[in-house]
Engineer: 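Starting off with a structure, shown below.
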Amino acid sequence: MKAAVLRDKGGPLVIEELELDPPKAGEVKIKMVATGICHSDFSVINGKLRAPLPVVLGHEGAGIVTELGEGVTDLAVGDHVICSLSPSCGVCPMCKEGKPFLCVEMGKMLTDCCHQDGTYRFKDKAGDDVKALCAIGSFAEEAVIPAGCAIKVADDVPLDKVCLVGCGVTTGTGAAVNTADIKEGDTVAVIGCGGVGMSIIQGARIKGASIIICIDPTEDSQKLALEVGATHVINPFTEDTLERVKEICGGMGVNHAFEALGKTQTMEQAFNILRPGGEAIIVGVTSLKESLKLPAAAFLGEFSIVGSLYGDSTPKEDLPMFVDWYTEGKLKLDEMITKVIKLEDINDALDEMSRGEGVRTVIIHD
Amino acid sequence: MKTKAAVLYEYGKPLVIEELELSPPKENEVLIKMTASGICHSDLSMTTGKLPMKTPCVPGHEGAGVIEEVGPGVTNLKVGDHVICSLSPSCGKCVMCTSGMMHMCTETSSVIWDATMVDGTRRLKKGDVEIGQAICLGTFAERAVIPAGSAIKVAHNAPLDTVCLIGCGVTTGVGAALNTVSIKPGDSVAIIGGGGVGLSIMQGAKIAGATTIIMIDPVEEKRELALSLGATDVVDPFAGDPVKTVRKLSKGGVHFAFEALGRKETIEQSWGMVRLTGTAVIVGVPALDTVVDVPVVGFFAGRRMKGSFYGSSNPPVDLPKYVDLYQSGELKLDEMITQRIPLEDVNRALDEMSRGEGARSVIMYDM
């Protein structure tokens, strides 16, 4: 079984034949049909996000269940599933509180790239363990994942499109519809319009925002942003962002500013383009050691700033809901997929991502 | 008309108690005979220049009194009405009022640093020198002309010399707990700063049903007062790391941490005190050039940092509601008043406040 493995920080990924252990209790084996390439995959390669090596990257996958581990009762062989980042274990304190996007089990899967019992399912030719990003590792033709991460969808849903719901779409659309409190007629700005940013724009549109500003220097992104719901675009490299925002919003900042780049500078900017009572929503992921410098006087204007994780979603409910929205035509996914490739071409796609080209590349496994 | 007032001529210098000339109310203004005025920490910040209001001006903004005269166009108030002074005239027409944020009415915020009335002019004079009023109020004076919208009518049986605190500190604090955030029964809260605002936050949290209520203040008498008014735990921030202590007391962080001092260090501490998906609520008024460092790691725990101004209150609706809470015994105000003084003692009370002593001093105009 083929997989793209990160062996050395900086890459490139190596396409290797790996062995896959059968699913243990509470796990399922999946034949991956398609996977999106997310910016976080790239951040692991360049070391901005730390992960133990060697590791199979990829976490925005969708596929078909081929084998059930012991005790899995709510899935069957042949089920079509999207991979969720959170196993929603149901027993940890955050799951019990109704916040499975902070499932304690997920933390381990993200940082240690292991399964819930601390072990791994991929093995290389030498018989050594290969880890799996988020306990998923969707840059592989097959994978064993926690059953809680396999979210069933209808058989007629195109997996090569809805795979995006596994990470970017849920992260972005969820940030707009769950984390933020967008009311009809509100004003919204989105800084950084890749897959996540586009999904935020769409969530804002679905919630009835009247002004949705895409802040992104890339012409292609601006064009697509307008297509999926943005009402205005700002090029932050050639325009004064704050001045333009005020011009667009009748002299004030916005009600909701989203940061989807993962840079401290733009996180601070999201806070600084708010109107009184506004909220900045931090969606982008940066090194955990960073700090923001915020002007405290803004709190007198009741500014607020909040982090959004995996769209504050309840995967078992929200992922199928986003798929429904896609089927109904409310959520545009086809338009966001700028390229479809084979697994072998993954390094070229990552190079393009490093240059800021395209919105979403999808790998279709044979 | 003459009025006695405490005037700020120069930052850092004592207020000057003197007779001023007061002109009558213009359109949509009322003349109030003050019964009492609390001394708020923001008054101290005005006298030191941390909040740089244009001088000379009369500080004071936590007042209550009786209407003596109404200007043209005032229809909802009459002579003899008992009123609390509100920080916001809630004009109902500006962009903040029409978006449901009447506590941030731009009529006062646009003139706040000039310390003028809404129309940019002044009502007080000493000889030829025009004297401003803090937040269109200036309650450190026996009489004041204020915007009619800033005069919130209350029942005649509400003791003005106590409910005056609702004009600023109590509304700022209770409202932060009841309006700015949504505290659920059983939630945990921490409050940094046990002055008038902090004690009000604490009481608001208790009314909302919080069961773990941690007060952090270095002054022992304030910690004792907090315990008597509902705190479940008190922490001396100088007796160890207050962030660690709060996280331990609340088993991993509180649902809500309120900062009621406006200091960089404590705002940053509040961020460390909240749990996964918890909220740090910044209530204290910082120096305007304060920049706080907020570690991003908190965002990946789904935390929120949120400012609260004037308790996110809708003054005409919420101030009378807080009076009701006081009269029903749920909100304790008398206990927060540590001394009642004549206007002549205002400088002494400000000095005491600068040393962190006492919760609230109230100026009595008929003393």
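Chain letters run A, B, ... following the sequence lines, proteins first and then strands; every chain starts at 1. Values in this document were obtained by computation on a predicted structure and should not be read as measured data.
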Engineer: Hey, what do you get for OG (B:S90) to CE (B:M104), rounding to the nearest 0.5 Å?
Structural biologist: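 That separation rounds to 12.0 Å.
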
Engineer: Heavy-atom distance under 4.5 Å to chain A: side chain of B:A280, backbone, both or neither?
Structural biologist: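 When you check distances to chain A, no heavy atom of B:A280 falls under 4.5 Å.
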
Engineer: Determine the option with the most heavy-atom pairs under 4.5 angstrom with chain B, choosing from A:T179, A:T286, A:D312, A:T264.
Structural biologist: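 Among the listed options, the one with the most contacts to chain B is A:T286.
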
Engineer: Answer yes or no: is there an ion pair linking B:D318 with B:K321, defined by an N-O contact shorter than 4.0 Å?
Structural biologist: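 A salt bridge links B:D318 with B:K321.
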
Engineer: Give the ring-plane orientation class for A:F271 versus A:F303, where under 30° counts as parallel, over 60° as perpendicular and anything between as tilted.
Structural biologist: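 Rings of A:F271 and A:F303: perpendicular, as their planes differ by over 60°.
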
Engineer: What part of A:V283 lies closer than 4.5 angstrom to a heavy atom of chain B: side chain, backbone, both or neither?
Structural biologist: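 The answer is neither part of A:V283.
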
Engineer: Report the distance from atom CZ of A:F258 to atom CD1 of A:I201, rounding to the nearest 0.5 Å.
Structural biologist: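 It is 10.5 Å, given to the nearest 0.5 Å.
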
Engineer: Given the options B:T277, B:V297, B:V285, B:V281, which has more heavy-atom pairs under 4.5 Å with chain A than any of the others?
Structural biologist: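 With the most close heavy-atom pairs to chain A, the winner is B:T277.
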
Engineer: Is chain B contacted by the side chain of A:S308, its backbone, both, or neither, given a heavy-atom distance below 4.5 Å?
Structural biologist: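 Backbone of A:S308 only, per the 4.5 Å heavy-atom cut-off to chain B.
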
Engineer: Counting heavy-atom pairs under 4.5 Å with chain A, which one of B:T290, B:V292, B:I282, B:V291 comes out on top?
Structural biologist: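 Of the options given, most contacts go to B:V292.
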
Engineer: Where does A:K293 contact chain B at under 4.5 Å (heavy atoms): side chain, backbone, both or neither?
Structural biologist: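 Both the backbone and the side chain of A:K293 come within 4.5 Å of chain B.
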
Engineer: Please classify the contact between B:V95 and chain A as side chain, backbone, both or neither, with a heavy-atom cut-off of under 4.5 Å.
Structural biologist: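 The side chain, not the backbone.
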
Engineer: Hey, does the side chain of B:D187 reach the backbone of B:H255 with a donor-acceptor pair shorter than 3.5 angstrom?
Structural biologist: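 No, because the side chain of B:D187 does not come within donor-acceptor range (under 3.5 Å) of the backbone of B:H255.
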
Engineer: Of the backbone (N, CA, C, O) and the side chain (C-beta and beyond), which part of B:R263 lies under 4.5 Å from a heavy atom of chain A, both, or neither?
Structural biologist: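 Contact with chain A involves no heavy atom of B:R263 at all.
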
Engineer: Got a sec, which residues hit salt bridge (Lys or Arg N to Asp or Glu O under 4.0 Å) with A:R205, two or more places apart in sequence or on another chain?
Structural biologist: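 Not a single residue meets the salt bridge (Lys or Arg N to Asp or Glu O under 4.0 Å) criterion with A:R205.
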
Engineer: Please flag which part of B:L288 lies under 4.5 Å from any non-hydrogen atom of chain A: side chain, backbone, both or neither.
Structural biologist: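 Both the backbone and the side chain of B:L288 come within 4.5 Å of chain A.
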
Engineer: Should B:D293 and B:K264 count as an ion pair when the cut-off is N to O under 4.0 Å?
Structural biologist: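 Judged by the 4.0 Å cut-off on N to carboxylate O distance, B:D293 and B:K264 do form a salt bridge.
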
Engineer: Could you tell me which portion of A:L309 (side chain, backbone, both or neither) has an atom closer than 4.5 angstrom to a non-hydrogen atom of chain B?
Structural biologist: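 Just its side chain gets close to chain B.
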
Engineer: Is it the case that the side chain of A:Y310 and the backbone of A:T170 share a donor-acceptor pair, with hydrogens and angles ignored and the cut-off at 3.5 Å?
Structural biologist: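 No, A:Y310 side chain to A:T170 backbone: no donor-acceptor pair under 3.5 Å.
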
Engineer: With only heavy atoms counted, which part of A:I282 is less than 4.5 Å from chain B, the side chain, the backbone, both or neither?
Structural biologist: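 For A:I282, the side chain is the part near chain B, not the backbone.
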
Engineer: Sort out for me which of A:E279, A:R275, A:E302 touches chain B most, counting heavy-atom pairs under 4.5 Å.
Structural biologist: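 Top option by heavy-atom pairs under 4.5 Å: A:E302.
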
Engineer: Which answer fits B:M305, side chain, backbone, both or neither, if we ask what part of it has an atom under 4.5 Å from a heavy atom of chain A?
Structural biologist: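 Backbone plus side chain of B:M305, per the 4.5 Å heavy-atom cut-off to chain A.
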
Engineer: For B:S109, is it the side chain, the backbone, both, or neither that has a heavy atom closer than 4.5 Å to a heavy atom of chain A?
Structural biologist: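 For B:S109, neither part sits under 4.5 Å from chain A.
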
Engineer: State, to 0.1 Å, how close B:S200 and B:V170 come at their nearest heavy-atom pair, and which atoms those are.
Structural biologist: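 Smallest heavy-atom distance, with atoms named: OG-CA, 3.4 Å.
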
Engineer: For the atom pair NZ (B:K50) and CG (B:L44), what is the distance rounded to the nearest 0.5 Å?
Structural biologist: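 So the NZ of B:K50 and the CG of B:L44 are separated by 8.0 Å.
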
